[in-house]
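Heads up: the structure comes next, in structure tokens.
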There are 2 protein chains.
Amino acid sequence: MAVKKPTIKDVARLAGVSFKSVSRVVNNEAWVSDEVRTKVQAVIEQLNYQPNRTARLMRTAPFSLAFVYDNPNSHYVIEMQNGILTECREKGFELVIHPTDSASDQVRHELTSMIGTNLVGGVILTPPLSESTTLVQQLLEQQAKVVRIVSGAEPPDELCPTIYVDDEAAGQAITEHLLDQGHRHIAFLGYHKDHKSSLGRYRGYCAALHHAGFAVEDELVISGHFTFDSGVQMTEQLLQQSNKVTALFGCNDEIAAGALYAARKRQLAVPEDLSIVGFENSPFSRQTWPGLTTVHQPNAEIAARAAAMLISLMLEPEQTPKHCGFKLQLVLRDSVSPI
Amino acid sequence: MAVKKPTIKDVARLAGVSFKSVSRVVNNEAWVSDEVRTKVQAVIEQLNYQPNRTARLMRTAPFSLAFVYDNPNSHYVIEMQNGILTECREKGFELVIHPTDSASDQVRHELTSMIGTNLVGGVILTPPLSESTTLVQQLLEQQAKVVRIVSGAEPPDELCPTIYVDDEAAGQAITEHLLDQGHRHIAFLGYHKDHKSSLGRYRGYCAALHHAGFAVEDELVISGHFTFDSGVQMTEQLLQQSNKVTALFGCNDEIAAGALYAARKRQLAVPEDLSIVGFENSPFSRQTWPGLTTVHQPNAEIAARAAAMLISLMLEPEQTPKHCGFKLQLVLRDSVSPI
DNA sequence: CTGAAAGCGCTAACAA
DNA sequence: TTGTTAGCGCTTTCAG
């Protein structure tokens, strides 16, 4: 039979105190006598009383945040999600998941509704959503707390606390690694003009070539998406239009895995005939054969940081957390050989 | 400056009606004159009024559910999550994510707290959590709505609506496929006595062998986990202790991918020297080289179904949704060759 | 230190 | 068809 859940009043009655005292104990407020505290705690235990979050939320700011993403990459999403959850757990926050289609205009509406209806008190934005200043402003106007994760060597502006990841420096580093191994004709796969991470990595690629005194060869820069299938297709296109390429920089590990697949289909040995590098260090970059040389992108850590910033923003609004930048490290595996 | 959010009363005042009328319009209740409805809607528009979910939740059942999992497999989690979200969107529900460690005793506490504090009205349980009848009962006692996903040819009991997935039949089918190709010494990788899916697949494997008149060879059955690393390790162990094996059934795609990796490390060609099959049809099973023959497990669909059942359970408690079984289909790719 | 009263924004019950 | 009155379970005054 449906037993009604005990409320704060039930506890108060049984403990012989006012329900306000119970509230004080539950919220660990000061100015409660040990006697009352002990008594109340005993009753709470006995009744297995659990405060109703909903009721509490009516008087306080929401204790939950939203993770907003538009990304086909499961590993990225899961790692981010896990990072955020770690932090949420610790602080007693709940996580609401909100995948979305950034192309659709609905996003704005969905997000403002999440905030407007008091579902969540803050949001963590990832690219490409995080790159829209108007979206951020709109959210901010609604009193939402916002933390965004973007690609860049520094925060784009001071709108809100920002996590920025230096794709350019890492893109340069991995390209230099290829140059160090003697490669002179290095392809770049996954160029996308509307994709800040892609652009950052591309800029790093160009910088490395220039510093080494080489020109960027247009026919070696292939546009595409951050997916395996796109990687396969771009590689096929590349190998058709150039036979001098000896190394290939996939803009992320999925592209690189696609390249590996396409190379193998063409009977090319990796790394003997073709060196391949990726970007992100997703779990499967070490599960391919050969393992992929790549750049480690600590997604879980980045996300945990974002969550920590957001939560602090919600809890202590007076002290704005500072921005936070991430530098990325090379991970050397077996998909590159000297020429 | 912080503008206070408009409440139902603000709307009522401006529209010149009682706030109850506004509530009626918002909730699409009957018995509202068109005149009032139009007027109220105009004001809602004008003020950009958004009802406060929290307040509403105090009078109604929670409009959110939890997805509880304990699984290292990103693809599985993401696919499930996406499936659930599809359904949630449609019905206006929110999703709270709750990864957990089923080994820890804390799970019980965490779950009962989610329910007890009114955070969510129901939960979707996946293995191995879903296999604990005591957990389910405990949740049920708290008035929680529960839907569980389990491995089996039929629901284990009538505690709650159940989605059951027939691992055994599929395990048998894929083993038969191997037998049809002439394989006689087929290894089974990923046996785990506490893991129902593993057990189901193992039973199917045994059944296929028996029907074909062969015995199960103990040395070809290797225990391990559903991970890539375990797959690598089990394959190495297998190849050391047996040289007659010609085909290998990985209990999931990760194990199979690990096997592929280990085989390649040993200079074994797949499928020429060794045929490999997996289970689940996760995205990367077609991204390996060669693509993995496997069993398609429609995770998103399964999850969407579970969510639909749970939501219906919450919305129309009188009509219990029926259980629902899934049969799995073979996916033939290039990792198997006849002998 | 403790408690009574008010009220968060909304929905349910009951009148009008 | 509409409005009034309660009251959800809790926190926040503010007065003891």
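Chain identifiers are assigned alphabetically (A, B, ...) following the order of the sequence lines, protein sequences preceding nucleic acid strands; residue numbering begins at 1 within each chain.
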Discussion item. Side chains of B:R148 and B:S130 only: does a donor on one sit below 3.5 Å from an acceptor on the other?
Written reply: no
Worksheet item: Is the base of C:dA4 touched by the side chain of A:K20 through a donor-acceptor pair closer than 3.5 angstrom?
Response: no
Discussion item. Between P on C:dT2 and CD on A:E29, what's the gap in Å once rounded to a whole number?
Written reply: 12 Å
Fill in: B:V165 and B:S151, any side-chain heavy atoms less than 4.5 Å apart
no
Worksheet entry | Under 3.5 Å donor-acceptor, B:T162 side chain and B:C160 backbone | yes
Worksheet item: Given D:dC10, D:dT13, D:dG3, which nucleotide is nearest the side-chain atoms of A:I8?
Response: D:dC10
Worksheet item: Expressed in angstrom and rounded to an integer, what is the separation of A:M58 atom CE from C:dC10 atom P?
Response: 8 Å
Discussion item. For C:dT2 and A:S21 - does any side-chain N or O of the residue sit under 4.0 Å from the phosphate oxygens OP1/OP2?
Written reply: no
Fill in: Any side-chain heavy-atom pair of A:L129 and A:S102 under 4.5 Å
yes
Worksheet item: Which of these nucleotides, C:dG9, C:dG3, D:dG3, is closest to any side-chain atom of B:S18?
Response: D:dG3
Response to the item:
In whole angstroms, the gap separating P of C:dC8 from CG of B:D10 amounts to 11 Å
Discussion item. From C-beta outward on B:T60, which listed nucleotide comes closest to its side chain: D:dT2, C:dT11, C:dT2?
Written reply: C:dT11
Worksheet item: Just by distance, with hydrogens left out, do B:E94 and A:H98 show a side-chain donor and acceptor under 3.5 Å apart?
Response: no
Discussion item. Reading DNA chain C from 5' onward, which residue's closest nucleotide shows up sooner: A:E35 or A:F19?
Written reply: A:E35
Worksheet item: Rounding to a whole Å, what distance do you find between A:F63:CZ and D:dC10:P?
Response: 15 Å
Item to complete: Check the pair A:R108, A:T134 against side-chain hydrogen bond (donor to acceptor under 3.5 Å, both in side chains), reporting the backbone distance first and the verdict last.
Response: CA-CA 10 Å; A:R108 279 180 168 56; A:T134 63; 2.8 Å; yes
Item to complete: Give the rounded distance in Å between these two atoms: CG of A:N52 and C1' of D:dG9.
Response: 6 Å
Worksheet entry | Any B:N27 side-chain nitrogen or oxygen under 4.0 Å from OP1 or OP2 of C:dT11 | yes
Worksheet, complete the sentence: A:K5 NZ to D:dC8 P, in whole Å, measures 15 Å
Discussion item. Side chain of A:R56, heavy atoms from C-beta onward: which of C:dG9, D:dT11, D:dG3 has the nearest atom to it?
Written reply: D:dT11
Worksheet item: Whole-Å distance between C:dC10 P and A:L119 CG?
Response: 14 Å
Worksheet item: Hey, does A:N118 reach any base, or is it just sugar-phosphate, or nothing, if we go heavy atoms under 4.0 Å?
Response: nothing
Worksheet entry | Sugar-phosphate, base or nothing in reach of A:V36, heavy atoms under 4.0 Å | sugar-phosphate
Discussion item. Any side-chain N or O of A:S33 below 4.0 angstrom from OP1/OP2 of C:dT2?
Written reply: yes
Discussion item. At less than 3.5 Å, do the side-chain atoms of B:R59 and the base atoms of D:dG7 form a donor-acceptor pair?
Written reply: yes
Discussion item. Can you say whether a donor on the side chain of A:R24 sits under 3.5 Å from an acceptor on the base of C:dG3, or the other way round?
Written reply: yes
Discussion item. Rounding to an integer number of Å, can you tell me how far B:D34 CG sits from D:dT2 C1'?
Written reply: 15 Å
Practice prompt. Among D:dC8, C:dC8, D:dC10, find the nucleotide with the atom closest to the side chain of A:A55.
Written response: D:dC10
